[in-house]
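Heads up: numbering here begins at 1 and tracks the sequence. In this text, all values refer to a predicted model and were calculated from it rather than measured experimentally.
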Amino acid sequence: MVLLAHAGWIGVLSFAVTYRVGRFGFTPTDQGFILGTSWRLLHGEIPHQDIISARPLGSPLLHTLDFLLPGPLFFMSRLVSMVEITLFTIALAALVTRRSLLRWGPLLTGLVAAASLVNLHTHGLTAWHTVDGLMLTACGLWAVDTGLRAGRPWHYRAGLVMLGMAALTKQSFMLAAPIGMAMVLLHPAVHSDRASIGGRWLHRLGDLLILCLPGLLYIGVVTVAGGLPELIAQLTGAEPTYAQRLFELSAIAPNPLYPMLIGSGLLIVARLLTFRIGVPMHIAELGIVLAFGVLVVRLLVDGELARAGDWGIELFWLLVLACVVDTVCRRRLPWRALLVVLLAWMSSLSWGYDSPTFLGGTLALTALYLLGGDSFRLLGTVLERRGHVGWTVSAGALGMVAVLLSGMLLTRSHDASPYRDRPQGQLVADLGGVDSSLRGIRTNVDTYTYIEQIGNCVRRYPARKVAVLPDNAFAYPAFGLHNPFPMDWPRPLELVADARERMLTTAELLNREGDYLVLFQTVDARIKLGKDASVPGSVPADTEIIDYAGLEKEIKSRLTGQLITCGSFLGVWSPSL
């Protein structure tokens, strides 16, 4: 019954958030990027051989399930993304507190629900590899920890499988696999195992095989298909990133690091002197912790939950300092909280999203949990005493207040700045008018016009092979199109290994086979559609096309079909004979 209650609030919260803020805003540039690749996989294309990718394609494999859900594809995919965010928030809270979800009271449940809303921040709900990696890693770490503590091999081995899958979502999360194996080898519960040394190591070899199983299956399928050289070249040919922004604290103004350092030092002194001085130091300790709570609230409010904002970096360092305080005062390493720090660093390994804001709520909650010490944990225990209706109601009220305040902050910030779209008051067009797969998604009139033009063009100029370059990966699953090129989103950083040559070779192949339509943007969807620029109803044939990497113009010059104009797009069409 308790499990059903938790499943209920997760479902209600996820649907409410998706309906209230998640369905507003649409950008053709990267929303649909993962689903576009999932669409290719569902039609039998082989990763890295048929699909060029700078990352392993674990996320598109996972999101093939989105196509099976009842309801409009893009709305349901956004709902799945919010469920994932809630799940990894729950898993990390359970990991750090070492409390099973079944033993949570209303206060902790409310705080974790509020942290889920902060973790969403103003990023758009969409299928995305960072969210997938966070969900699989968090749930995997939690399952390994609880499985080892409870002595349930199937439990922790399921966690190892999830960690192995996390490594396939993005290179950023490849560290998840060795962390999982280190937990199996070094976990305190393992040392209490009375099995023989030989038996333990035999089990560990089995654990290693289970951890590597997802990767072995992925590499094996690609290898059998003949794509191993391409896999190696693509995954090792991308430009590396090291989350440098996390360490560029001087760029943050005003810089909160100094007050956080001072507060951490004072808290250590107060906590160490409590046993000598007693009540006065205990009062001082509580005052410092409350000041940290005020600081966290201020960081969230001032940061306005901005995408990839500095507030996530500030909370990252607050948790690092909280780990230092806990280590000094308790004389033991808070390794579970440090796993959250490592996961936040992994989530920041990104070309364009180098801040751990996807974990902002978790960073804040974990930091306050450590800084609060035994006093706050005791307070939480008292408020959640079973059998005492008054305490339970009080705890529930506090939890609900946290959810409401976080929800108000989220809706205010998201309404003002939906993901790369205009303020919510201007999002009056339902994309369901273009295609049923987009039903329920609201955007501005110009973005609607832009997407409607794509739909009109593919109907007006029918062809078996259709590409819309360069920023429209959503169009392939939305309109049921087959993209003949090996990439849906040929942005400069995505052009790894021999991507450019293969794209140009495909253009020449299209000339020989015919039956194709290649549309080229003349409107910069990433910049203009989210601003106040309008989409023209038609453009001259000599209009400049959008070309980020000197590729689209070369492709257009090589195609020998009929030159066309269609709405704001230029195109080359070769109808079937």
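For the residue pair T560/N511, the side-chain donor-acceptor check at 3.5 Å is satisfied. Under 3.5 Å, the side chains of Y461 and N456 contain no donor-acceptor pair of N or O atoms. Looking at D30 and W489, their side chains never bring a donor and an acceptor atom within 3.5 Å of each other. With 3.5 Å as the limit, one finds a donor-acceptor pair spanning the side chains of D421 and T443. Looking only at atom types and distance, the side chain of T89 has a donor-acceptor partner in the side chain of N119 under 3.5 Å away. With no hydrogens or angles considered, a side-chain donor-acceptor pair links R78 and Q31 at under 3.5 Å. Of the N and O atoms on the side chains of D132 and S59, at least one donor lies less than 3.5 Å from an acceptor on the other residue. In summary, the side chains of D145 and Y156 do not present any donor paired with an acceptor at a separation below 3.5 Å, with no hydrogens or angles considered. A side-chain donor from one of Q521 and N472 sits under 3.5 Å from a side-chain acceptor of the other.
Remark: the backbone N or O of L73 is not paired with any side-chain donor or acceptor of S77 at under 3.5 angstrom. The main-chain N or O of H48 is found under 3.5 Å from a side-chain atom of Q234 such that the two form a donor-acceptor pair. Counting only distance, with no hydrogens or angles, the side chain of S574 and the backbone of G514 share no donor-acceptor pair below 3.5 Å. T543 places a side-chain N or O within donor-acceptor distance of the main-chain N or O of P540, the cut-off being under 3.5 Å. Although no hydrogens or angles enter the test, the distance criterion places a donor-acceptor pair under 3.5 Å between the side chain of N444 and the main chain of L529. No donor-acceptor pair closer than 3.5 Å links the side chain of T64 to the backbone N or O of L42. A donor-acceptor pair is defined here as one N or O able to donate and one able to accept, closer than 3.5 Å; no such pair exists between the side chain of R439 and the backbone of G71. A donor-acceptor pair is defined here as one N or O able to donate and one able to accept, closer than 3.5 Å; such a pair exists between the side chain of S350 and the backbone of G352. Looking only at distances, no side-chain donor or acceptor of T565 sits under 3.5 Å from a matching main-chain atom of L570. For the pair S348 (side chain) and A243 (backbone), a donor-acceptor distance under 3.5 Å is absent.
Between Y516 and G561, the shortest heavy-atom distance links the atoms OH-N, 3.0 Å. Across A344 and P356, no two heavy atoms sit closer than the pair O-CB, 3.6 Å. Pairing each heavy atom of L551 with each of P490, the nearest pair is CD2-CB, 4.1 Å. Closest of all the heavy-atom pairs between P536 and V523 is CD-CG2, 3.9 Å. Considering all non-hydrogen atoms of both residues, G22 and L125 come closest at CA-CD1, 3.7 Å. Closest of all the heavy-atom pairs between D435 and A478 is OD2-O, 3.0 Å.
Ring centroids of F358 and Y353 are separated by less than 6.0 Å, placing the two rings close together. Y476 and W39 have their aromatic ring centers separated by at least 6.0 angstrom. With ring centers used as reference points, Y450 lies under 6.0 Å from F569. For H129 and F173, the ring centers sit 6.0 Å or farther from each other. Residues F24 and Y419 place their aromatic rings such that the two centres sit no closer than 6.0 Å.
Checking F474, F479, F74, F75 one by one against S437, the side-chain contact (heavy atoms from CB on, under 4.5 Å) holds for a single residue, F74. Of the listed residues (T18, V21, I10), just one forms a side-chain contact (heavy atoms from CB on, under 4.5 Å) with M82, and that residue is T18.
Here CG of L359 is found 9.5 Å from CE of M346. Values are rounded to the nearest 0.5 Å. Here OG of S81 is found 10.5 Å from CD1 of I34. Values are rounded to the nearest 0.5 Å. In this structure, the separation between CG on L160 and CG on L213 is 11.0 Å, given to the nearest 0.5 Å. From S14, atom OG reaches atom CD of E84 across 10.0 Å, with rounding to the nearest 0.5 Å. Atoms CD and CZ, on Q453 and R460 in that order, are 11.0 Å from each other to the nearest 0.5 Å. Atom CZ in R442 sits 8.0 Å away from atom CG in L427 (nearest 0.5 Å).
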Exercise for the section: Walk me through it: do L13 and L117 pass the test side-chain contact (heavy atoms from CB on, under 4.5 Å)? Expected result: CA-CA 9 Å; L13 179 71; L117 301 179; 4.0 Å; yes
Exercise for the section: Check the pair L510 / L559 against side-chain contact (heavy atoms from CB on, under 4.5 Å), numbers first and verdict last. Expected result: CA-CA 8 Å; L510 288 175; L559 294 173; 4.3 Å; yes
Practice task
List the steps and the verdict of side-chain contact (heavy atoms from CB on, under 4.5 Å) for L205 and L209.
Solution key: CA-CA 6 Å; L205 288 174; L209 179 61; over 6 Å; no
Practice task
Evaluate side-chain contact (heavy atoms from CB on, under 4.5 Å) for R491 paired with D471, printing each intermediate quantity in order.
Solution key: CA-CA 8 Å; R491 305 285 295 190; D471 269 341; 3.1 Å; yes
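Looking at L517 and V572, their side chains never come closer than 4.5 Å, going by heavy atoms from C-beta outward. Using a 4.5 Å heavy-atom cutoff, the side chains of L495 and M487 are in contact. Within the 4.5 Å cutoff, the side chain of L175 has heavy atoms near those of the P178 side chain. Side chains of N483 and V466 form no contact here, defined as non-hydrogen atoms less than 4.5 Å apart. Residues H123 and R420 fail the side-chain proximity criterion, which asks for heavy atoms closer than 4.5 Å. At a threshold of 4.5 Å between non-hydrogen side-chain atoms, the residues F520 and I546 do not count as touching. Two residues are said to be in side-chain contact when any heavy atoms from C-beta on lie closer than 4.5 Å; H63 and T37 fail this criterion. At a threshold of 4.5 Å between non-hydrogen side-chain atoms, the residues W142 and M162 do not count as touching.
Under 4.0 Å is where a charged nitrogen must lie from a carboxylate oxygen, and between R558 and E554 at least one such pair does. Ion pair K553/D547 not flagged as a salt bridge, since none of the NZ, NE, NH1 or NH2 atoms sits closer than 4.0 Å to an Asp/Glu carboxylate oxygen. Of the charged side-chain nitrogens involved, none lies within less than 4.0 Å of a carboxylate oxygen, so that R502 and E230 do not count as a salt-bridged pair.
When the shell of 6.0 Å around OH of Y19 is examined, it contains 12 or fewer heavy atoms from other residues, nucleotides or ligands.
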